[in-house]
Amino acid sequence: MRRGLGLQEGQILVMSALVMAFLFVPLSVFVIDTALVESGYAQLGETLQASAEDGASTIDEAAYRSSNGRVAVLDPVQARIVADGSIRAAAVRGLSSWSVEITGQRVTITGRLVVQLLVLGAATLTESRSATFAYGQ
């Protein structure tokens with residue numbers, strides 16, 4: 001009886017190697033790639049939001065001074081320059097393109113981020129964030 005059991009020794013080692021190769025390795029790659037995409041998405045959103053807020057903080061100084069401080073409006077030219085400079089200063093790796101749109105008192109930035117994945121190549125994330133110029137509130 002002991003002799004029959006002796007022939008089966010080591011079979012669990014083969015099964016463990018197969019489970020590792022076909023289950024755990026792909027699962028760990030999936031988990032790592034998902035984490036890379038989620039962190040890239042969070043970084044893109046935070047960068048765009050900060051840049052939109054920077055752009056929305058610019059005031060039209062000429063209108064403000066000529067009205068003796070009664071009129072405070074967004075300076076669209078300066079808002080675009082400040083938002084663009086802010087997003088450049090962030091130097092996010094993989095940020096391939098962005099656009100700044102000024103509509104009234106609102107600054108909207110749309111950006112595209114390319115995230116290099118572990119195995120599957122790359123993923124492109126696109127997101128928009130906005131900020132509104134508000135004075136005296």
Side-chain angles (χ1 to χ4, degrees):
M1 186 94 176
R2 298 274 288 158
R3 192 174 212 182
L5 290 176
L7 296 175
Q8 294 182 4
E9 286 182 15
Q11 286 183 359
I12 194 69
L13 183 61
V14 174
M15 189 180 299
S16 297
L18 289 173
V19 167
M20 291 287 285
F22 293 110
L23 179 67
F24 291 128
V25 172
L27 184 63
S28 63
V29 168
F30 174 74
V31 168
I32 291 169
D33 283 350
T34 302
L36 287 171
V37 168
E38 286 183 18
S39 69
Y41 188 74
Q43 184 179 20
L44 177 62
E46 291 171 5
T47 302
L48 294 177
Q49 186 65 43
S51 297
E53 289 173 3
D54 288 347
S57 68
T58 59
I59 190 170
D60 186 344
E61 292 180 25
Y64 186 76
R65 288 182 179 155
S66 67
S67 69
N68 287 330
R70 284 184 245 124
V71 175
V73 293
L74 180 70
D75 183 352
V77 174
Q78 272 304 110
R80 186 175 309 277
I81 292 169
V82 168
D84 189 57
S86 176
I87 206 161
R88 283 184 196 280
V92 175
R93 198 176 104 205
L95 187 60
S96 60
S97 64
W98 65 87
S99 64
V100 179
E101 183 181 323
I102 313 293
T103 308
Q105 302 294 320
R106 180 177 292 273
V107 177
T108 303
I109 302 178
T110 303
R112 297 180 68 124
L113 180 71
V114 177
V115 177
Q116 294 299 322
L117 302 176
L118 189 63
V119 173
L120 300 175
T124 303
L125 308 174
T126 303
E127 188 174 0
S128 292
R129 292 291 175 102
S130 297
T132 302
F133 176 78
Y135 178 75
Q137 296 179 8

Chemist: Once rounded to the nearest 0.5 Å, what's the spacing between atom CD of E127 and atom CD of E46?
Modeler: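 Output value for this atom pair is 9.5 Å.
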
Chemist: Do you reckon L18 sits in the same ILVMFWY cluster as F24, going by side-chain contacts under 4.5 Å, direct or chained?
Modeler: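 No, L18 does not connect to F24 through the hydrophobic network.
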
Chemist: Any donor-acceptor pair under 3.5 Å linking the side chain of T34 with the backbone of F30?
Modeler: yes

Chemist: Using every non-hydrogen atom in the two residues, find where L48 and I87 come nearest and quote the distance to one decimal.
Modeler: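 Taking L48 first and I87 second, the nearest heavy atoms are CD2-CD1, 3.4 Å.
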
Chemist: So which atom in L23 and which in P26 form the shortest heavy-atom distance, rounded to 0.1 Å?
Modeler: O-CD, 3.5 Å

Chemist: Could you give all pairs that pass the side chain to side chain donor-acceptor pair (under 3.5 Å) test and reach residues 56-83, with sequence neighbours left out?
Modeler: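 Pairs touching residues 56-83 that pass the test: Y64-Y135.
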
Chemist: Group every Ile, Leu, Val, Met, Phe, Trp and Tyr by side-chain heavy-atom contacts under 4.5 Å, then state whether M20 and F22 land in the same group.
Modeler: no

Chemist: Kindly work out whether a path of hydrophobic side-chain contacts (I/L/V/M/F/W/Y, heavy atoms less than 4.5 Å apart) joins V29 to L36.
Modeler: yes

Chemist: Of the non-hydrogen atoms in G55 and V107, which two are nearest, and what is the gap between them?
Modeler: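 Heavy atoms only, the tightest pair is C-CG2, 4.0 Å.
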
Chemist: Run the side-chain contact (heavy atoms from CB on, under 4.5 Å) check on I109 and R129 step by step: do they pass?
Modeler: CA-CA 6 Å; I109 302 178; R129 292 291 175 102; 5.7 Å; no

Chemist: Rounded to the nearest 0.5 Å, what separation is found between the OG atom of S86 and the CD1 atom of I81?
Modeler: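 The CD1 atom of I81 is 13.5 Å from OG of S86, to the nearest 0.5 Å.
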
Chemist: For a quick test of reading the model, state the closest non-hydrogen atom pair linking L44 to G111 and the distance between them.
Modeler: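 Answer, listing the atom of L44 first, then G111: CD2-O, 3.9 Å.
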
Chemist: List the atom of D84, the atom of W98, and the distance in Å for their closest heavy-atom pair.
Modeler: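 So the minimum-distance heavy-atom pair works out to OD1-NE1, 2.7 Å.
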
Chemist: Locate the shortest heavy-atom distance separating L74 from G104; write the atom from each residue and the value.
Modeler: CD2-O, 3.8 Å

Chemist: Determine yes or no for a side-chain-to-main-chain donor-acceptor pair under 3.5 angstrom, with D54 supplying the side chain and V82 the backbone.
Modeler: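 Checked: no pair found.
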
Chemist: Spell out, yes or no, whether V19 and L13 are grouped together once hydrophobic residues are joined by side-chain heavy atoms under 4.5 Å, including indirect joins.
Modeler: no

Chemist: Does any non-hydrogen side-chain atom of L125 lie less than 4.5 Å from one of V115?
Modeler: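 In contact.
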
Chemist: May I ask you to decide if S130's main-chain N or O and Q49's side chain share a donor-acceptor pair within less than 3.5 Å?
Modeler: yes

Chemist: Go through the steps for T124 and R112 under the test side-chain contact (heavy atoms from CB on, under 4.5 Å), then give the verdict.
Modeler: CA-CA 7 Å; T124 303; R112 297 180 68 124; 3.4 Å; yes

Chemist: Does V119 belong to the same Ile/Leu/Val/Met/Phe/Trp/Tyr cluster as I32, with side-chain heavy atoms less than 4.5 Å apart forming each link?
Modeler: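 Yes; tracing contacts between hydrophobic side chains, which count when under 4.5 Å, links both residues.
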
Chemist: Report yes if the side chains of Y41 and L113 come closer than 4.5 Å at any heavy-atom pair, otherwise no.
Modeler: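 Result no, sub-4.5 Å side-chain heavy-atom pair not found.
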
Chemist: Decide side-chain contact (heavy atoms from CB on, under 4.5 Å) for T108 and T103; before the verdict, give the C-alpha distance in whole Å, the side-chain angles of both, and the deciding distance to 0.1 Å.
Modeler: CA-CA 8 Å; T108 303; T103 308; 5.7 Å; no

